[in-house]
Amino acid sequence: MTSAAFDLYDTFSPGVEPAPMVARSASALEFFVERLFRTDRVSKELLAKVDELQARTGARGWDDERGEPVLPAQWDQTRQLLRQCDFAASKLPPPFLSACGDGSAHLQWTTQKGDRAAIEFGARSITWNFLGADGEDEILEDLSLTEALTKVRNLFGVR
Amino acid sequence: MTEPRPDVATLTVVTEDALIFRFVQPGHIDATARVGSQLQTSALQTNEFTPNDHSYGASVYVESELKRGVDDLFAACEKWKEWRYARVPVDKVNAIGVTVVLSPQDCEFDSIRHAHASLIGVTKPRRNELLRLIESHLV
């Protein structure tokens, strides 16, 4: 039990040593609270980046190359996927977020080995695009959000 | 009245011995990723983005058409000084299955319009190869 938790306990039971079960429960509670806030921090940063990208990509030509606008629906799907990632608990690294001139939103991960994997939220479908460090690739179209997230989790060996 | 845009099949193909410049926005480079994997998939439009009435595809500029090379591009657009650019041989682009065609119609800058070209045939599998090629030629 940390000193903060002990101080709180002592307020209600002054001078009484906490039972082992109480100490364990307090530690577990602290662990979950800490995890909750860590998740919030990663997600908040990524969701703020999504807001920023959405604000910049709403009109044709946003990329100075006559690019198509990325529609709010694509950014909403991006937000939905990010919320499901549970970064702190799953140890999944955060993706690099960007927008493409064809009107799609991209989340890309790169492994230590140099494998590159992207989920693309296009106007018509969700695409998984993997390019291995050794040159092998895999492109899957029309995935569901869950299927796309599973591909990323499998890549990093996390649940 | 707007002039009708020529069909992409009628545009002049850039020869294999040419070199092209391709600009990359900072937002399309993940500097924390391993070298060779930093350029993002979003840096190039794919075949989802078919030539249409306002764009033939990703923009490049043909070096031999520019008297002062990349400096002409910087003179035309100040913002590009903040971007990265790649100088890529056209034969390597063609080897991937992508064609380069002159497309002055897609350029908004008068002084460099004649050097503007577009990448045609960038499908998703080709894009992966093209990204590696562009990243390996970033200046």
Side-chain angles (χ1 to χ4, degrees), chain A residues 49 52-53 55-57 59-70 74 78 93-142, chain B residues 5 22-61 76-80 82-83 103 105-109 116 118-119 122-133 135:
Chain A
K49 175 78 177 170
E52 180 200 319
L53 285 168
R56 279 203 295 116
T57 60
R60 174 170 289 162
W62 61 267
D63 60 348
D64 298 316
E65 214 184 337
R66 306 161 310 284
E68 294 293 314
V70 185
Q74 270 93 270
T78 305
F96 188 89
L97 301 172
S98 57
C100 182
D102 62 12
S104 56
H106 291 221
L107 291 80
Q108 187 163 315
W109 286 263
T110 309
T111 67
Q112 297 265 336
K113 190 183 151 200
D115 296 333
R116 183 163 53 187
I119 294 175
E120 302 174 27
F121 292 104
R124 290 186 295 240
S125 68
I126 301 175
T127 303
W128 163 258
N129 188 338
F130 173 81
L131 180 62
D134 302 324
E136 73 278 22
D137 62 5
E138 180 184 49
I139 296 167
L140 302 170
E141 310 257 10
D142 299 322
Chain B
R5 288 163 63 84
R22 167 68 187 173
F23 282 100
V24 180
Q25 298 188 26
H28 287 151
I29 296 176
D30 178 3
T32 65
R34 187 190 169 115
V35 172
S37 309
Q38 293 187 342
L39 193 56
Q40 301 291 291
T41 49
S42 52
L44 283 171
Q45 305 101 332
T46 68
N47 58 334
E48 269 201 86
F49 186 83
T50 49
N52 54 37
D53 61 357
H54 56 89
S55 177
Y56 289 110
S59 291
V60 294
Y61 290 88
C77 181
E78 279 279 318
K79 180 175 50 187
W80 286 339
E82 312 296 322
W83 294 16
S103 52
Q105 300 85 352
D106 278 1
C107 183
E108 61 179 293
F109 306 106
H116 186 278
S118 301
L119 301 177
V122 184
T123 60
K124 285 195 171 99
R126 286 175 185 160
R127 180 182 58 182
N128 284 341
E129 286 186 66
L130 199 51
L131 287 170
R132 284 217 162 132
L133 178 66
E135 187 174 336

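Letters A, B, ... are given to chains in the order of the sequence lines, protein chains preceding strands, and every chain is numbered from 1. As a basis for the values below, the full set of heavy atoms in this structure was taken, side chains included, without hydrogen atoms, waters or symmetry mates.
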message: Let's go through A:D137 and B:K124 carefully: what are the C-alpha distance in whole Å and the side-chain angles of both, what is the deciding distance for salt bridge (charged side-chain N to carboxylate O under 4.0 Å, His left out) to 0.1 Å, and is it a yes or a no?
response: CA-CA 10 Å; A:D137 62 5; B:K124 285 195 171 99; over 6 Å; no
- request: Against chain B, label A:A118 side chain, backbone, both or neither, depending on which of its atoms sit under 4.5 Å from a heavy atom there.
  value: side chain
field: Proximal component of B:Q40, with respect to chain A [non-hydrogen, under 4.5 Å]
entry: both
Whether B:F23 and B:W80 hold their rings parallel, tilted or perpendicular, with breakpoints at 30° and 60°: parallel
query: Taking every heavy-atom pair that is under 4.5 Å apart, which of A:T111, A:N129, A:L53 has the most such pairs with chain B?
result: A:N129
task: Evaluate the side-chain hydrogen bond (donor to acceptor under 3.5 Å, both in side chains) criterion for residues A:Q108 and B:T41: first the C-alpha distance (whole Å), next the side-chain angles of each, then the deciding distance (0.1 Å), finally the verdict.
output: CA-CA 8 Å; A:Q108 187 163 315; B:T41 49; 3.2 Å; yes
statement: Assert top hit (heavy-atom pairs under 4.5 Å, partner chain A, pool B:H28, B:R132, B:K79) equals B:R132
- request: Can you tell which part of B:W83 gets under 4.5 Å to a heavy atom of chain A, answering side chain, backbone, both or neither?
  value: side chain
- prompt: Any idea which of B:P125, B:C107, B:S59, B:A33 has the most non-hydrogen atom pairs under 4.5 angstrom with chain A?
  reply: B:S59
With sequence neighbours excluded, residues passing side chain to side chain contact (heavy atoms under 4.5 Å, CB included) with B:E108: none
field: B:R5 side chain vs B:D106 backbone, donor-acceptor pair below 3.5 Å
entry: no
